[in-house]
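Everything quoted here is computed from the prediction, not taken from an experiment. Just the heavy atoms: all of them, side chains too, but no hydrogens, waters or symmetry mates, feed the values below.
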Amino acid sequence: MTETDEAGAFSAGAVWPSAHRDPSTGLVDLRRVGANPDHWYPVALSKNVRSRRTFAASFAGERIALYRGESGTVYALEDRCAHRQVPLSMGVVEGETLRCCYHAWAYRGDGRISQIPYLAKGDGRPPRGVRGYPVREAYGLVFAFPGDPDKAAATPLPDLPAFGSPRYKTMTYSRTVRCHYSFMHENLLDMNHQFLHRGVVGRLRPELLDSRTDERSVEARYLFSHAGGKRNRGASLLAAEGIGGSDSRDVMTIRTEYPYQTLDLVPENAERPAFRLWVAYVPEDAEQRRCHTFGLLMIEKPRIPGALQLAWPLIRRFTERVFAEDRMAVEAEQRAWDEQGEDRNREVFSLILDVREVLRTNGVPIRPRAGACGAASMCDGHDRGLFPGADSGTY
């Protein structure tokens with residue numbers, strides 16, 4: 001599968017406007033492809049959604065109000081009061097309900113209105129509520145399902161066996177990056193960009209061993225060897241004296257399995273990965289030119305008790321520096337796209353052409369939102385905030 005293959009149906013039922021296509025190739029501009037909402041996406045760290053408190057999150061321009069009820073359960077609602085559109089994330093949690101800060105309309109966890117304090121006989125019929133999102137907690141993250149709620153139960157969360165394993169300790173990341181999420185997939189999958197990190201890991205020589213691609217995933221295995229240069233101590237500690245820390249060679253396996261991405265590094269002669277990375281790139285704005293990166297870095301514990309705890313600050317500093325350099329590059333790519341008004345990228349690496357096709361095939365068109373639509377209300381001719389039949393239902 002390559003970028004020059006026939007570009008047919010990129011997703012079931014999707015209609016791609018001609019403005020989204022490259023006139024010379026007929027291909028859809030990947031930077032105009034939206035993330036498919038029919039998946040579980042992390043929208044917050046669990047620790048940030050505190051007991052009886054609210055938290056403002058978003059997915060592709062849809063503002064989401066998270067709140068944790070008195071029972072400890074987390075709920076996710078469209079972040080607007082059905083009355084005056086004031087954000088519900090400004091509201092007050094009472095038991096398992098969320099009360100708007102303005103006129104005290106109260107909402108259940110499914111988004112339905114449970115009380116309007118001053119409602120009297122003869123008043124106009126109130127709306128039934130706002131949209132409620134399926135929500136689950138796992139791996140220290142709050143996941144929401146922004147797509148078709150009927151698909152949520154049958155759609156699995158990512159499987160991370162190393163998380164919580166006594167063999168591994170997890171470092172969590174949560175950062176906003178000002179670029180389309182596809183740039184992030186390309187950045188991690190294409191290990192030929194190690195020159196960017198030469199000041200941190202020295203001179204690394206990646207060799208692509210093999211790769212495989214199907215409709216939903218791309219996987220690549222690289223062999224890394226060190227070719228000299230200054231090596232950061234944090235890199236050595238992270239990879240058990242492997243990558244950047246000794247003359248050993250390491251095998252790195254990177255996989256985009258839509259919509260997530262993983263990376264495993266196995267040092268030479270090791271039985272298990274020295275570390276395993278899981279990451280999700282969640283679009284924040286409606287145009288999807290900004291994404292929130294949630295990452296879980298699961299690091300194997302050494303035989304010496306407490307050694308990893310001592311090394312933790314050095315590893316954190318190293319990974320933050322690498323991430324900062326990657327962010328600099330992908331944000332520069334996004335700025336170029338913005339300035340040029342189109343994707344003039346001329347890719348030659350077949351692996352990246354493959355992942356672009358996977359992202360196109362599984363993505364959906366980004367639908368521009370007119371000012372009248374607001375952040376998450378009247379779009380496509382119907383109110384997404386109301387439940388089916390709300391216009392004829394009873395309070």
Side-chain angles (χ1 to χ4, degrees), residues 1-17 20-22 25-43 59-62 133-134 143-160 177 179-190 211-220 253-263 278-295 330 334 337 343 345 347 349-367:
M1 184 186 303
T2 68
E3 194 171 27
T4 57
D5 289 345
E6 181 69 22
F10 295 102
S11 64
V15 178
W16 295 91
H20 286 196
R21 295 182 180 274
D22 184 326
T25 65
L27 291 172
V28 169
D29 185 340
L30 178 56
R31 320 310 172 185
R32 299 182 188 275
V33 175
N36 191 323
D38 287 333
H39 294 273
W40 290 100
Y41 288 91
V43 290
F59 176 85
E62 295 184 20
Y133 296 86
F143 288 81
F145 197 89
D148 182 351
D150 292 336
K151 296 179 180 180
T155 304
L157 286 171
D159 183 22
L160 306 179
V177 185
C179 73
H180 188 267
Y181 63 90
S182 62
F183 288 117
M184 300 297 289
H185 279 274
E186 294 177 17
N187 171 266
L188 188 61
L189 192 63
D190 187 355
S211 65
R212 56 185 180 182
T213 302
D214 58 34
E215 292 181 355
R216 297 188 59 82
S217 67
V218 177
E219 181 177 286
T253 302
I254 308 167
R255 181 178 180 84
T256 287
E257 185 162 5
Y258 196 90
Y260 315 120
Q261 202 164 34
T262 60
L263 183 154
W278 175 88
V279 65
Y281 314 114
V282 184
E284 292 185 338
D285 59 317
E287 293 185 331
Q288 303 196 27
R289 297 184 189 180
R290 186 177 71 248
C291 66
H292 199 101
T293 298
F294 290 93
V330 295
Q334 181 65 63
W337 189 96
D343 196 349
N345 191 304
E347 186 54 64
F349 192 22
S350 62
L351 190 66
I352 299 306
L353 300 181
D354 284 350
V355 77
R356 288 181 179 177
E357 192 71 2
V358 166
L359 296 175
R360 281 196 192 93
T361 301
N362 291 281
V364 297
I366 294 177
R367 297 177 179 177

- request: Examine the side chains of S182 and R31 and answer whether a donor and an acceptor come within less than 3.5 Å of each other.
  value: yes
message: Parallel, tilted or perpendicular, judged at 30° and 60°: which one describes the rings of Y258 and H39?
response: perpendicular
- line: Sorted by chain and residue number, the salt bridge (charged side-chain N to carboxylate O under 4.0 Å, His left out) partners of E284 (sequence neighbours excluded) come out as R290
- request: Over all heavy atoms of both residues, which pair between L188 and Y281 is shortest? Give the atoms and the distance, please.
  value: CD2-OH, 4.0 Å
Spatial distance of atom CG (N345) from atom CD (E186) [nearest 0.5 Å]: 6.5 Å
message: What's the separation between atom OG1 in T262 and atom CD1 in I254, rounded to the nearest 0.5 Å?
response: 9.0 Å
- prompt: Pick one: which of Y133, F59, F145, Y181 meets ring-ring contact (aromatic ring centres under 6.0 Å, His included) with Y41?
  reply: F59
message: Would you say that P42 contacts V282 through its side chain, given a criterion of any heavy-atom pair below 4.5 Å between the two side chains?
response: yes
message: List the residues meeting side-chain contact (heavy atoms from CB on, under 4.5 Å) with A144, not counting sequence neighbours, and say none if there are none.
response: V43
- prompt: Got a second to check how far L351's CG is from E219's CD, nearest 0.5 Å?
  reply: 10.5 Å
- line: All heavy atoms of P37 vs all of V364, minimum pair found to be CD-CG2, 4.2 Å
message: Within the supplied structure, the quantity of interest is the number of heavy atoms (other residues, nucleotides, ligands) at a distance under 6.0 Å from R212 CZ; does it exceed 12?
response: no
task: Taking H180 for its side chain and V33 for its backbone only, find out whether a donor-acceptor pair lies under 3.5 Å.
output: yes
- prompt: Out of curiosity, L157 CG to Y260 OH, how far, rounded to the nearest 0.5 Å?
  reply: 6.5 Å
message: Using the rule side-chain contact (heavy atoms from CB on, under 4.5 Å), only one of V279, L189, T256, T293 pairs with M184; which is it?
response: T293
- line: Rounded to the nearest 0.5 Å, the CZ atom of R356 sits from the CG atom of D29 at a distance of 9.5 Å
message: Using modelled atom types and a 3.5 Å cut-off, is there a donor and acceptor pairing between side-chain atoms of D38 and backbone atoms of D148?
response: yes
- request: Report the distance from atom CZ of F294 to atom CZ of F143, rounding to the nearest 0.5 Å.
  value: 9.0 Å
field: Closest non-hydrogen atom pair, V358 against D214
entry: CG2-O, 3.5 Å
- prompt: Excluding sequence neighbours, so at least two apart, what forms side chain to side chain donor-acceptor pair (under 3.5 Å) with W278?
  reply: none
Polar side-chain atom of D343 near backbone of V28 as donor-acceptor pair, under 3.5 Å: no
- request: Compare every heavy atom of T155 with every heavy atom of W40, then report the nearest pair and how far apart it is.
  value: NE1-O, 2.8 Å
field: Least distance between heavy atoms, Q288 atom then A60 atom
entry: NE2-CB, 3.5 Å
